[in-house]
Colleague: 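The structure's right below; bear with me while I get my questions together.
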Amino acid sequence: QVQLVESGGGLVQAGGSLRLSCAASGTVFSISTMGWYRQAPGKQRELVATINAGGVRNYGEFVKGRFTISRDNAKKTVYLQMNSLKPEDTAVYFCWMTADVWGQGTQVTVSA
């Protein structure tokens, strides 16, 4: 059974940074596309970033160079480094994997 477990969320001031991690188990991680989505209260879930097995990255338009997705296949972990955070980045961030597997989510709150 595939499981994704996120960590690293929390409360940060505007302009600060956070690093999210997502550890996968029970899957062939190295050939899977991994990603992060987020959902703010009252809004639809939206793409933050994805990275495929070859390391090709794709970002949501709002990222504008502030976030970086990376992966460590040996650790079966995908990361999201978030810099220059804004209050509008406040949301629950979900790890995602090919075949529509989701983590439980981690809260990110950015104060003004």
Colleague: Without swapping roles, check the side chain of R38 against the backbone of V48 for a donor-acceptor pair under 3.5 Å.
Modeller: no
Colleague: Where do V110 and T90 come nearest, in terms of heavy atoms and distance?
Modeller: N-OG1, 2.9 Å
Colleague: Quick check: closest heavy atoms across V92 and Q107, and the distance to 0.1 Å?
Modeller: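 In terms of heavy atoms, the two residues are closest at CG2-OE1, 3.3 Å.
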Colleague: If we ignore hydrogens and angles and just use 3.5 Å, is the side chain of Y59 paired with the main-chain N or O of I69 as donor and acceptor?
Modeller: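 Looks like yes, one N/O pair under 3.5 Å.
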Colleague: Report yes or no: do L85 and Y37 belong to one cluster of Ile/Leu/Val/Met/Phe/Trp/Tyr joined by side chain heavy-atom distances under 4.5 Å?
Modeller: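 No, it is not one cluster - the side chains of L85 and Y37 are not joined through contacts under 4.5 Å.
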Colleague: Is there a path of hydrophobic side-chain contacts, each under 4.5 Å between heavy atoms of I/L/V/M/F/W/Y residues, joining V63 to V12?
Modeller: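 Linked, V12 and V63 end up in one cluster.
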Colleague: Within 45° of the six-membered ring axis of F67 and under 6.0 Å from that ring's centre, is NZ or CZ of R57 located there?
Modeller: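 Judged by the rule, R57 and F67 form no cation-pi pair.
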Colleague: Restricting to non-hydrogen atoms, name the atom on Q104 and the atom on F94 that form the minimum distance, rounded to 0.1 Å.
Modeller: O-CE2, 3.6 Å
Colleague: Run the side-chain contact (heavy atoms from CB on, under 4.5 Å) test on Q81 and S17 for me, step by step, so that the C-alpha distance in whole Å, both residues' side-chain angles and the decisive distance to 0.1 Å come before the verdict.
Modeller: CA-CA 7 Å; Q81 177 67 44; S17 298; 3.9 Å; yes
Colleague: Are M34 and V28 connected, step by step, through hydrophobic side chains (Ile, Leu, Val, Met, Phe, Trp, Tyr) whose heavy atoms are closer than 4.5 Å?
Modeller: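 No; V28 is not reachable from M34 via cluster members.
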Colleague: Say whether, by atom type as modelled, one donor and one acceptor occur between the side chain of N52 and the main chain of G55 under 3.5 angstrom.
Modeller: yes
Colleague: Just wondering, are more than 12 heavy atoms of other shown residues or ligands nearer than 6.0 Å to CD in Q44?
Modeller: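 Counting neighbours around CD of Q44, 12 or fewer heavy atoms of other residues, nucleotides or ligands fall under 6.0 Å, so no.
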Colleague: Start with the C-alpha distance between L20 and E6, add both sets of side-chain angles, then the distance that settles side-chain contact (heavy atoms from CB on, under 4.5 Å), and finish with yes or no.
Modeller: CA-CA 7 Å; L20 305 184; E6 301 101 331; over 6 Å; no
Colleague: Under 6.0 Å from the six-membered ring centre of W96 and within 45° of its axis: does the NZ or CZ of R45 meet both?
Modeller: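 No.
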Colleague: Kindly give the heavy-atom pair with the smallest separation between C95 and L4, and that separation in Å.
Modeller: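 Heavy atoms only, the tightest pair is O-CD1, 3.8 Å.
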Colleague: Kindly indicate whether the side chain of E46, heavy atoms from C-beta on, has any atom under 4.5 Å from the side chain of F62.
Modeller: yes
Colleague: Do you know which two heavy atoms are closest between S21 and W36, and how far apart they sit?
Modeller: O-CH2, 3.6 Å
Colleague: Measure across A14 and A112 and return the closest heavy-atom pair with its distance rounded to 0.1 Å.
Modeller: CB-CA, 4.4 Å
Colleague: Which is it for M82 and Y93 under the side-chain contact (heavy atoms from CB on, under 4.5 Å) test, yes or no, and what are the steps along the way?
Modeller: CA-CA 12 Å; M82 303 187 293; Y93 284 70; 3.8 Å; yes
